[in-house]
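Have a look at the structure below, then the notes.
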There are 2 protein chains.
Amino acid sequence: MKISTKGRYALRLMLDLALHDNDAPVRIKDIAARQEISDKYLEQIISSLNKAGYVKSIRGPQGGYKLAKAPSYYTVGMILRLTEGSLAPVACLDDEVNQCIRQESCATLELWRRLDDAIKSVVDTITLANLVEWQEEKIDNYII
Amino acid sequence: MKISTKGRYALRLMLDLALHDNDAPVRIKDIAARQEISDKYLEQIISSLNKAGYVKSIRGPQGGYKLAKAPSYYTVGMILRLTEGSLAPVACLDDEVNQCIRQESCATLELWRRLDDAIKSVVDTITLANLVEWQEEKIDNYII
DNA sequence: CTATTATACTACTATATTACTAGGAATTGC
DNA sequence: GCAATTCCTAGTAATATAGTAGTATAATAG
């Protein structure tokens with residue numbers, strides 16, 4: 001029941017892009033240095049964000065990445081589901097293929113539904129913009 | 001972010017014990033047959049529940065297992081944490097050993113805290129007794 | 001037009017975890 | 001003492017995780 005590095009890195013990567021969103025695109029190398037993450041691994045992660053259209057890439061010198069839309073557009077759930085896969089606590093909530101025969105008589109299914117709802121209520125309401133806010137509050141606290 | 005078979009089986013096992021709680025202890029073989037789970041695997045899982053004192057075992061012929069306390073005593077969280085380990089979505093919420101240096105400036109930590117709270121609000125309030133209720137409702141629906 | 005800087009793509013790999021299986025030892029009721 | 005049951009330990013195939021490595025491709029500055 002842990003979020004893997006892939007999902008956590010993807011979030012920090014997107015947050016980093018949101019925080020450094022001026023005209024110039026941000027290079028993987030810089031994100032990797034700031035976040036202390038392997039740049040080669042980040043490259044793979046950002047590649048899937050790119051394919052999904054969450055970021056846009058600019059190749060060549062002075063190239064890098066930018067968010068495709070405003071931070072408020074991206075929920076944490078969007079980013080985590082893209083990199084982690086489904087966030088449902090059990091496979092039988094995912095799709096019809098994984099549904100088991102016990103479904104109808106399974107009391108634990110109700111539990112998993114409630115857990116799933118609780119998880120969704122967090123990841124589908126918090127956006128990158130919220131993370132940006134929180135980050136800026138933390139920085140303010142440091143200055144004070 | 002999935003609950004493993006170990007945790008899911010442990011829940012179904014405890015629910016099975018709660019549902020068949022008359023005088024006679026329940027044999028692993030019977031639980032395994034009803035739940036369609038490998039009995040050897042169940043044996044391992046119940047062993048940790050036994051060591052934790054959640055069930056009591058009776059050896060020899062006519063032996064088996066019984067719940068140590070009433071179903072309302074056991075939250076889903078107790079059972080899952082025992083078999084799955086921590087249910088926190090990231091390791092830095094678990095213990096001091098796993099806390100990272102970025103803690104103070106990490107905006108995603110606030111996200112993980114909220115996700116953790118959401119998960120806890122479900123698993124620490126729902127008990128085996130609730131699962132028993134739901135199971136009995138399902139059975140009633142079948143009869144109607 | 002070429003050297004440089006950056007992303008893009010694909011393959012490989014070490015380690016850990018999951019989900020069991022197998023076999024025998026210990027206990028106890030009849 | 002025999003059969004039924006739990007108890008204990010070790011092994012293992014398959015999958016997932018968390019990267020590393022190397023090369024190809026594109027764009028730009030000079």
Side-chain angles (χ1 to χ4, degrees), chain A residues 1-13 17 20 23-33 35-68 80 83-87 89-91 98 100, chain B residues 1-13 17 23-33 35-68 80 83-86 89-91 98 100:
Chain A
M1 266 293 276
K2 289 276 183 285
I3 299 284
S4 73
T5 54
K6 213 167 165 186
R8 287 186 282 123
Y9 292 174
L11 263 184
R12 282 165 57 189
L13 185 164
L17 285 182
H20 298 88
D23 283 347
V26 184
R27 289 181 306 170
I28 281 187
K29 219 170 75 180
D30 294 331
I31 304 175
Q35 302 293 327
E36 298 173 285
I37 297 173
S38 144
D39 54 348
K40 276 298 196 180
Y41 195 24
L42 266 192
E43 197 177 284
Q44 280 179 34
I45 294 168
I46 209 166
S47 149
S48 55
L49 294 165
N50 190 22
K51 276 171 189 156
Y54 290 8
V55 301
K56 47 189 174 189
S57 69
I58 298 110
R59 298 177 70 158
Q62 275 72 54
Y65 296 90
K66 292 174 81 63
L67 288 184
L80 289 181
T83 46
E84 291 273 304
S86 154
L87 298 178
V90 292
N98 291 310
C100 79
Chain B
M1 268 293 277
K2 288 276 183 285
I3 299 282
S4 72
T5 54
K6 213 166 163 185
R8 288 185 281 123
Y9 291 174
L11 265 182
R12 282 164 57 189
L13 186 163
L17 284 183
D23 284 346
V26 184
R27 290 181 304 171
I28 283 188
K29 219 170 75 179
D30 293 332
I31 305 176
Q35 301 294 327
E36 295 172 286
I37 297 173
S38 143
D39 54 348
K40 276 298 195 179
Y41 194 24
L42 267 192
E43 201 178 73
Q44 282 177 32
I45 294 168
I46 209 165
S47 147
S48 53
L49 293 165
N50 192 20
K51 277 171 190 156
Y54 289 8
V55 301
K56 48 189 175 188
S57 68
I58 296 110
R59 299 177 71 161
Q62 275 71 55
Y65 296 91
K66 292 175 79 64
L67 288 184
L80 289 180
T83 46
E84 291 273 303
S86 156
V90 292
N98 290 311
C100 80

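Chain naming here is simple, since letters A, B, ... match the order of the sequence lines and numbering starts at 1 in each. Computed from heavy atoms alone, side chains included, the values below leave out hydrogens, waters and symmetry copies. In this text the structure is predicted, and so the values were computed from the model without any measurement.
Summarising the geometry, the separation between CD1 on Ile31(B) and C1' on dT6(D) is reported as 12 Å, rounded to the nearest angstrom. In this entry the distance linking CG of Asp30(A) with C1' of dT7(C) reads 14 Å, nearest Å. When the P atom of dT27(C) is taken as reference, atom NZ of Lys56(B) falls 20 Å away, rounded to whole Å. Distance NZ (Lys29(B)) to P (dA3(D)): 14 Å, rounded to an integer number of Å. Atom CD1 of Ile3(B) is separated from atom P of dA19(C) by 11 Å (rounded to the nearest Å). One interatomic measurement links the two molecules: CD1 of Ile45(B) to C1' of dA19(C), which rounds to 9 Å at whole-angstrom precision. In this structure, the CG atom of Leu13(B) is 11 Å from the P atom of dT6(D), given to the nearest Å. Computed from coordinates, the Glu43(B) CD to dG24(C) C1' distance equals 11 Å when rounded to whole Å.
Within the 4.0 Å cut-off from OP1 or OP2 of dT13(C), not a single side-chain nitrogen or oxygen of Tyr41(A) is found. Neither OP1 nor OP2 of dA18(D) sits under 4.0 Å from any side-chain N or O of Tyr9(A). Note on Asn50(A): every side-chain N or O is 4.0 Å or more away from OP1 and OP2 of dT7(C). Residue Ser4(A) places at least one side-chain N or O under 4.0 Å from the OP1 or OP2 atom of dA18(D).
At least one donor-acceptor pair closer than 3.5 Å links the side chain of Lys66(A) to the backbone N or O of Asp23(A). For Arg12(A) (side chain) and Gln35(A) (main-chain N/O), a donor-acceptor pair under 3.5 Å exists by modelled atom type. No side-chain donor-acceptor contact under 3.5 Å links Glu84(A) to the backbone of Ile3(A).
The two atoms that bring Arg8(A) and Val90(B) nearest to each other are CD-CG1, 3.4 Å, heavy atoms only. Of all heavy-atom pairs between Tyr65(B) and Leu17(B), the closest is O-CD2, 3.6 Å. The shortest heavy-atom contact between Asp39(B) and Lys29(B) is OD2-CG, 4.5 Å. Of all heavy-atom pairs between Gly53(A) and Ala68(A), the closest is O-CB, 3.2 Å. Closest of all the heavy-atom pairs between Thr83(A) and Ser48(A) is CG2-OG, 4.4 Å.
Here the nucleotide nearest the side chain of Ser38(A), chosen from dG19(D), dT28(D), dA4(D), is dG19(D). Relative to the side chain of Pro61(B), the nucleotides dT7(C), dT4(C), dG29(C) differ in distance, and dG29(C) lies closest.
Along DNA chain D, the nucleotide closest to Gln62(A) and the one closest to Ser47(B) are compared, and the more 5′ of them pairs with Ser47(B). Toward the 5′ end of DNA chain C lies the nearest nucleotide of Gly64(A), the other residue of the pair Gly64(A) and Ile37(B) mapping further downstream. Closest-nucleotide positions on DNA chain C for Lys40(B) and Thr5(B) were compared, and the one nearer the 5' end corresponds to Thr5(B).
Within 4.0 Å (heavy atoms only), Ile58(B) reaches sugar-phosphate atoms of the nucleic acid but no base atom. Looking at heavy-atom distances under 4.0 Å, Ile46(B) makes no contact with the nucleic acid at all. The residue Lys51(A) sits close only to the backbone: its heavy atoms come under 4.0 Å of sugar-phosphate atoms, none of a base.
One N or O donor and one acceptor, one from the side chain of Arg59(A) and one from the base of dT7(C), sit under 3.5 Å apart. With hydrogens and angles ignored, no donor-acceptor pair under 3.5 angstrom links the side chain of Arg27(B) to the base of dA4(D). The base of dC8(D) does not come close enough to the side chain of Gln44(B) for any donor and acceptor atom to sit less than 3.5 Å apart.
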Given pairs defined as Watson-Crick or G-U wobble with both distances under 3.5 Å, what dot-bracket annotation applies to DNA chain C, with ( ) intrastrand, [ ] crossing, | other strand and . unpaired?
||||||||||||||||||||||||||||||
